[in-house]
Structure formats: structure tokens, C-alpha cells
Trainee: 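Please see the structure below; I have some questions.
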Amino acid sequence: MTTPESTASPAAKPDWLIEAEKEEQRRDAEKEQLQREQAARHAQTVNTHLAALGIAPVRPATATRWVHPALLAFGNASEADYAYAVYANYQDNLGVVLFVGDPQGNHGTEFAGELRTVADVVRARREGGTGTSSPQPRPGWRGIAEREARTTAQHLPSDTSALCDALHGLTAAVLAHQAPSGDTAVGTEVDLDCEFLTDDLTPSGLVSLGLSAGPGRTLYVVNADMDVAEVLRRPFMREQVWPHLPLTADGSLNRNHPDVCSYAEIRPKVEAFFADLGRDTTLWTHCGAQDVIRMHALWRHDWVVMPDTIPQWGDDLARLRRLAGGVQLPPHTGRPHHALDDAEHQRQARAYLRGLIN
């Protein structure tokens with residue numbers, strides 16, 4: 001007599017396992033596709049940044065599942081005039097950075113700093129890298145203070161809680177004094193500016209949104225679903241904001257322009273922008289309570305739905321201005337009331353104010 005168990009092939013898979021493996025393959029395929037899309041964005045960011053600096057690479061950045069860095073210059077193996085090969089790649093929280101490698105340009109493995117100007121390439125080619133394969137993390141002064149205080153406390157009697165508390169405070173104070181002076185921020189600083197109808201908090205009230213994390217890391221979107229009639233009815237919006245939007249020859253909104261998209265399309269663009277930066281970001285605005293509200297409205301202010309890479313609050317340039325004695329901000333070098341230009345101006349003004357504070 002045979003049993004059901006004895007008739008089944010030992011190699012046969014149960015249906016539930018087959019379905020689970022298919023689901024796992026589907027997730028792996030989605031993950032790979034996301035990796036490829038992110039790598040393509042990063043490679044494009046590198047190449048765009050190089051073009052903005054006037055750098056024509058020997059080999060531009062490309063992408064598969066990861067970024068293949070741009071080769072900027074071959075090195076020189078001569079002892080009399082030794083030079084490193086220099087590469088440009090993308091680094092989370094830093095943007096476009098430099099790596100150096102062997103003179104033949106076969107690979108670049110040693111981190112050589114951020115790429116801000118052509119002079120950075122010259123320096124990296126001559127001086128080489130930092131001796132590490134990745135940037136050194138920014139010091140977490142609070143974490144260092146707490147760790148040192150805990151270590152000390154382990155060697156004290158259990159009834160010295162007051163002394164332990166004092167050590168915590170003293171260690172934090174000493175390390176804060178040793179940390180960079182003045183106003184500092186955590187992680188990547190991102191500037192946000194929005195143009196909007198002040199009394200319309202619906203999707204039609206948003207006109208444009210600009211985000212800047214520095215050269216090569218920007219996002220500018222114009223809401224195709226804005227209330228155009230209301231924007232044009234208000235003198236300030238018509239005269240100061242509307243002319244800076246993508247317009248056709250007859251002065252209408254150019255809905256075919258790449259910066260113009262529907263309100264529903266803005267949300268994934270903002271998500272992708274912050275996803276590339278990682279979780280360690282500091283958001284900045286200028287008198288920008290409404291700006292933060294407009295951005296959070298993309299997720300209907302639901303922090304459960306909103307990705308954790310999206311900042312939940314923003315610091316404000318007005319605070320720095322107060323610390324600097326209420327001085328005037330430096331002149332605007334772009335187009336006032338253009339969301340991205342305003343975000344860029346915030347970055348310039350913040351550096352100016354910090355110089356006064358420090």
C-alpha cells in the first residue's frame with residue numbers, strides 16, 4: 001500500500017513555496033529597477049555638474065545598476081612629475097565628489113574631496129586623496145559626549161548619579177566648545193522655496209517649488225494644475241511671479257516645458273530628490289512656514305505616508321539674521337520670486353550670515 005507521501009517527488013515544490021519565490025523574484029526585479037534608475041540619475045547629475053564647470057571628461061559617467069565614474073584626467077607615472085588619475089562620482093549627502101587612482105586611469109578608489117571648482121581637480125591630480133575610500137563622517141558631538149560620559153560612569157560607584165549627571169553636562173560642554181563655532185547644521189543642507197496663492201491651500205494654490213542642495217543637486221517644478229486665472233488676477237503674482245514661469249510666445253503657461261508637470265507628478269519628483277540625499281538632511285527656508293506646509297501637502301500632511309527622507313521641519317534664515325544683528329541680506333543674484341533662484345539665494349545668504357556670526 002502506498003501513502004500520499006510516498007507518491008510525491010522529493011524534488012517537487014509546494015505551491016506556497018513557488019508563489020513565495022515568484023514574489024521574491026518580483027521584489028528583486030523592482031529593487032534592481034530602482035537601483036538602475038537611481039544610478040542613471042546620479043550619473044546624469046555628475047555629467048551635468050561637469051558641464052556646468054566647463055569640464056569635458058575623458059570618459060563621462062555612465063550607469064548600470066551602479067554609477068561608473070567619469071574619468072576626468074589620466075595621471076602621469078613619471079617620478080619627476082607624478083600625477084594621479086582623477087575621477088568624478090556621486091556620493092550621498094555630498095553630491096559630486098572626486099576620487100583618485102593609478103595614473104593609467106584603470107580605477108579610482110581613494111576619496112579626494114568634493115568637486116566645486118576646476119581647481120579641485122588640479123589639486124587632487126597633484127596631491128592625491130585622503131587615504132580613505134570614502135568621506136570621513138561629520139563628528140556627532142552629542143554622541144561623543146554621551147559615550148565618553150557613559151564610559152567614565154562605568155568606573156564610578158553606583159551611588160554617584162549626581163556626579164554622573166555632572167560629567168554628562170561637562171563632557172558635552174567641553175566637546176561643544178571644541179566643535180566648529182557658530183551656527184552649524186546636521187548633514188546635507190537643503191533650501192526650499194515655493195511660490196503660491198497665499199489663501200489657497202489646495203493643490204491649485206501651489207505655483208512652483210524649488211529645492212537646492214548645492215551645485216548639481218536641484219529640483220524645480222511648476223504646477224500645471226495651478227489656478228492660472230487667479231494667479232493672473234492678482235497684481236503681485238501677475239507682475240512678479242508669472243513672468244519667471246515657462247511661458248509660450250503668447251504669454252501662456254508652456255505645458256510642454258519639462259519643468260511643468262501635474263500636481264500628482266510633483267510628489268514622486270520630490271521623493272526622488274530627497275531619496276538621493278539620504279536621511280541626514282537639514283531643511284532651510286526664509287520665513288517659510290507656508291513653504292514647508294506646501295511641500296508636506298503633497299502627502300496630505302500624513303507623516304505615516306510621507307517617506308522618512310522628507311524633512312518634517314525646517315530651520316529658518318530669519319533666525320540666522322537675528323543672530324547676525326538683523327543685517328540686510330546680500331543682493332539677490334538671480335530672479336526674485338523664481339522658486340529655485342530664491343532657494344539658491346538662501347544658500348548664499350546663509351553663508352554670508354554665518355560669516356558674520358562666527
Side-chain angles (χ1 to χ4, degrees), residues 38 41-42 44-46 48-49 52 90-97 114-116 135 137-138 140 180 182-196 206-223 259 261 265-299 301 303 305-321 329-330 332-354 357:
Q38 184 180 65
R41 290 196 302 271
H42 289 172
Q44 181 62 40
T45 296
V46 171
T48 300
H49 187 54
Y90 185 90
Q91 182 80 40
D92 286 341
N93 294 331
L94 290 179
V96 181
V97 297
E114 297 180 49
L115 174 56
R116 297 188 179 94
R138 295 177 175 86
D183 182 87
T184 58
V186 175
T188 302
E189 294 184 292
V190 180
D191 286 271
L192 164 69
D193 185 77
C194 297
E195 301 299 332
F196 46 81
L206 177 67
V207 175
S208 58
L209 179 148
L211 289 163
S212 175
R217 295 187 291 175
T218 61
L219 175 67
Y220 178 62
V221 288
V222 175
N223 181 18
D259 291 337
C261 56
E265 292 172 320
I266 295 176
R267 171 170 155 176
K269 289 178 181 290
V270 175
E271 288 182 355
F273 176 84
F274 281 104
D276 285 347
L277 300 179
R279 293 179 173 83
D280 192 17
T281 58
T282 297
L283 185 69
W284 285 89
T285 62
H286 185 203
C287 299
Q290 275 234 42
D291 299 88
V292 177
I293 288 172
R294 301 291 174 157
M295 186 175 74
H296 286 179
L298 296 170
W299 296 270
H301 308 286
W303 287 5
V305 176
M306 190 170 71
D308 57 5
T309 52
I310 307 297
Q312 295 180 344
W313 60 277
D315 208 333
D316 205 291
L317 198 65
R319 180 181 65 81
L320 291 188
R321 187 182 176 196
L329 297 182
H332 203 303
T333 58
R335 296 160 292 182
H337 309 300
H338 179 285
L340 184 56
D341 284 8
D342 282 354
E344 294 285 1
H345 179 241
Q346 287 175 196
R347 296 184 66 80
Q348 299 167 12
R350 185 167 64 253
Y352 169 75
L353 293 174
R354 281 178 172 158
I357 295 169

Trainee: Which heavy atom of Trp299 sits nearest a heavy atom of Glu271, and at what distance?
Mentor: NE1-OE2, 2.7 Å

Trainee: How are the rings of His296 and Trp303 set to each other: parallel, tilted or perpendicular (split at 30° and 60°)?
Mentor: perpendicular

Trainee: Looking only at heavy atoms, what is the nearest atom pair of Ser208 and Ala339, with distance?
Mentor: OG-CB, 3.6 Å

Trainee: What is the minimum heavy-atom distance between Ile266 and Cys261, and which atoms define it?
Mentor: CG1-SG, 3.6 Å

Trainee: In Å, rounded to the nearest 0.5 Å, how long is the span from CG of Asp259 to NZ of Lys269?
Mentor: 8.5 Å

Trainee: I need the minimum non-hydrogen distance between Met306 and Gln312, along with the two atoms involved.
Mentor: CE-CG, 3.9 Å

Trainee: What's the separation between atom CD in Glu344 and atom CD in Gln346, rounded to the nearest 0.5 Å?
Mentor: 9.5 Å

Trainee: Would a 4.5 Å heavy-atom cut-off, applied to side chains only, mark Arg217 and Tyr90 as touching?
Mentor: yes

Trainee: Measure the OG-CG distance between Ser212 and Asp341 for me, rounded to the nearest 0.5 Å.
Mentor: 10.0 Å

Trainee: With the side chain counted from C-beta on, respond yes when Ile310 and Leu298 share a heavy-atom pair under 4.5 Å apart, and no when they do not.
Mentor: no

Trainee: Working to the nearest 0.5 angstrom, can you tell me the gap between Thr282 OG1 and Asp191 CG?
Mentor: 10.5 Å

Trainee: Assess, by modelled atom type and distance only, whether the side chains of Arg294 and Gln290 contain a donor and an acceptor separated by less than 3.5 Å.
Mentor: yes

Trainee: Return yes if some donor-acceptor pair links the side-chain N/O of His49 with the main-chain N/O of Leu115 below 3.5 Å, else return no.
Mentor: yes

Trainee: Minimum heavy-atom separation for Leu317 and Ala349, please, with both atom names.
Mentor: CD2-CB, 3.8 Å

Trainee: Would you indicate whether the side-chain heavy atoms of His286 and Asp316 approach each other to under 4.5 Å?
Mentor: yes

Trainee: Nearest 0.5 Å please: distance from the CG atom of Leu219 over to the CZ atom of Phe273.
Mentor: 6.5 Å

Trainee: Between Asp276 and His42, does any side-chain donor sit less than 3.5 Å from a side-chain acceptor?
Mentor: yes

Trainee: Roughly how far, to the nearest 0.5 Å, is CH2 of Trp284 from CG of Asp193?
Mentor: 15.0 Å

Trainee: Would you say the side-chain atoms of His332 and Asp342 include a donor-acceptor pair closer than 3.5 Å?
Mentor: yes

Trainee: Quick check: do Leu209 and Leu192 have side-chain heavy atoms less than 4.5 Å from each other?
Mentor: yes

Trainee: Let me see the working for Val305 and Arg267 under side-chain contact (heavy atoms from CB on, under 4.5 Å), right down to the final yes or no.
Mentor: CA-CA 12 Å; Val305 176; Arg267 171 170 155 176; 3.4 Å; yes

Trainee: Quick one, Ile293 and His301 - any side-chain contact, counting heavy atoms below 4.5 Å?
Mentor: yes

Trainee: Using a strict cut-off of less than 4.0 Å between a Lys/Arg side-chain nitrogen and an Asp/Glu carboxylate oxygen, indicate whether Arg354 and Glu189 qualify as a salt bridge.
Mentor: yes

Trainee: Identify the heavy atoms of Phe196 and Asp291 that sit nearest to each other, and give their distance.
Mentor: CE2-OD2, 4.0 Å

Trainee: Check whether the ring centres of Tyr220 and His338 lie less than 6.0 Å apart, and answer yes or no.
Mentor: yes

Trainee: Can you find a pair of side-chain heavy atoms, one from Thr45 and one from Val96, that are under 4.5 Å apart?
Mentor: yes

